[in-house]
**Student:** 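Pasting a structure below so you can have a look.
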Amino acid sequence: FSLPSLGYAVNFGSFSCGQIIDFERDNNNAQMYAISLWFAGYIEGRNIETGENKFIAADPEELYALLEKECRETPAFNSSYIASRIYSRGY
């Protein structure tokens with residue numbers, strides 16, 4: 001996906017897996033990019049907390065793809081829970 005245009009409202013809160021899948025389906029680049037930035041921040045915070053260096057080279061598209069894949073497999077959860085699962089697993 002490409003960088004968002006300035007004409008979209010962007011939410012950085014917790015999302016349901018349904019929303020994450022819908023953003024991909026609808027090609028909502030602004031929201032997908034915002035979520036990938038949130039996930040990158042989550043990873044950085046967890047790396048500081050744990051002293052680990054997971055996902056250092058991950059780009060925004062890769063991060064979003066990880067969230068979306070996990071959401072498709074476990075659709076009842078939200079982005080915060082999914083991010084925690086992905087981080088704990090290490091991909």
**Student:** Can you get from Ile35 to Tyr42 by hopping between Ile, Leu, Val, Met, Phe, Trp and Tyr side chains that sit under 4.5 Å apart?
**Tutor:** yes

**Student:** Who passes salt bridge (charged side-chain N to carboxylate O under 4.0 Å, His left out) against Glu44, sequence neighbours left out?
**Tutor:** none

**Student:** Could you pull out the closest heavy-atom pair between Arg46 and Ser88, with the gap in Å?
**Tutor:** NH2-OG, 4.5 Å

**Student:** Kindly write out the residues that satisfy side chain to side chain contact (heavy atoms under 4.5 Å, CB included) with Asp59, not counting sequence neighbours, or none if the list is empty.
**Tutor:** Glu61, Glu62

**Student:** Tyr81 and Thr74: side-chain donor and acceptor closer than 3.5 Å?
**Tutor:** no

**Student:** Among residues two or more places apart or on two chains, list those pairs meeting disulfide (SG to SG under 2.5 Å) that have a residue in residues 31-84.
**Tutor:** Cys17-Cys71

**Student:** Could you tell me the separation between the CD atom of Gln19 and the CG atom of Asn28, rounded to the nearest 0.5 Å?
**Tutor:**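 It comes to 10.5 Å.
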
**Student:** So which atom in Met32 and which in Phe23 form the shortest heavy-atom distance, rounded to 0.1 Å?
**Tutor:** SD-O, 3.4 Å

**Student:** Which value, rounded to the nearest 0.5 Å, describes the distance between Leu63 atom CG and Leu37 atom CG?
**Tutor:**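 One finds 9.0 Å between CG of Leu63 and CG of Leu37.
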
**Student:** Could you label the plane-to-plane angle of the Phe39 and Phe55 rings as parallel, tilted or perpendicular, counting under 30° as parallel and over 60° as perpendicular?
**Tutor:**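 Plane angle between 30° and 60°, so tilted.
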
**Student:** Do Ile20 and Ile82 have side chains that approach each other closer than 4.5 Å (heavy atoms only, starting at C-beta)?
**Tutor:**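 Counting from C-beta outward, Ile20 and Ile82 never come under 4.5 Å.
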
**Student:** The criterion is side chain to side chain contact (heavy atoms under 4.5 Å, CB included); which residues satisfy it with Lys69, sequence neighbours excluded?
**Tutor:** Glu73

**Student:** Do Trp38 and Phe77 share a hydrophobic cluster, counting only Ile, Leu, Val, Met, Phe, Trp and Tyr and linking them when any side-chain heavy atoms are less than 4.5 Å apart?
**Tutor:**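 Looking at the clustering, Phe77 is in the same group as Trp38.
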
**Student:** With a 4.5 Å heavy-atom cut-off, do Arg85 and Glu70 have their side chains touching?
**Tutor:**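 The answer is yes; the side chains approach within 4.5 Å.
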
**Student:** How many angstroms lie between atom CG of Leu66 and atom OH of Tyr87, to the nearest 0.5 angstrom?
**Tutor:** 13.5 Å

**Student:** If we only count heavy atoms from C-beta on, is the Leu67 to Phe15 side-chain gap below 4.5 Å?
**Tutor:**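 No; the side chains remain at least 4.5 Å from each other.
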
**Student:** Of all residues at least two apart in sequence or in a different chain, which pass the side-chain hydrogen bond (donor to acceptor under 3.5 Å, both in side chains) check with Ser84?
**Tutor:**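 By the side-chain hydrogen bond (donor to acceptor under 3.5 Å, both in side chains) rule, Ser84 matches no residue at all.
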
**Student:** Mind checking what makes salt bridge (charged side-chain N to carboxylate O under 4.0 Å, His left out) contact with Glu68, not counting sequence neighbours?
**Tutor:** Arg72

**Student:** Taking only residues two or more places apart in sequence or in another chain, which ones pass side-chain hydrogen bond (donor to acceptor under 3.5 Å, both in side chains) with Asn78?
**Tutor:** none

**Student:** Nearest 0.5 Å please: distance from the CG atom of Asn53 over to the CD1 atom of Ile43.
**Tutor:**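 Output value for this atom pair is 11.5 Å.
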
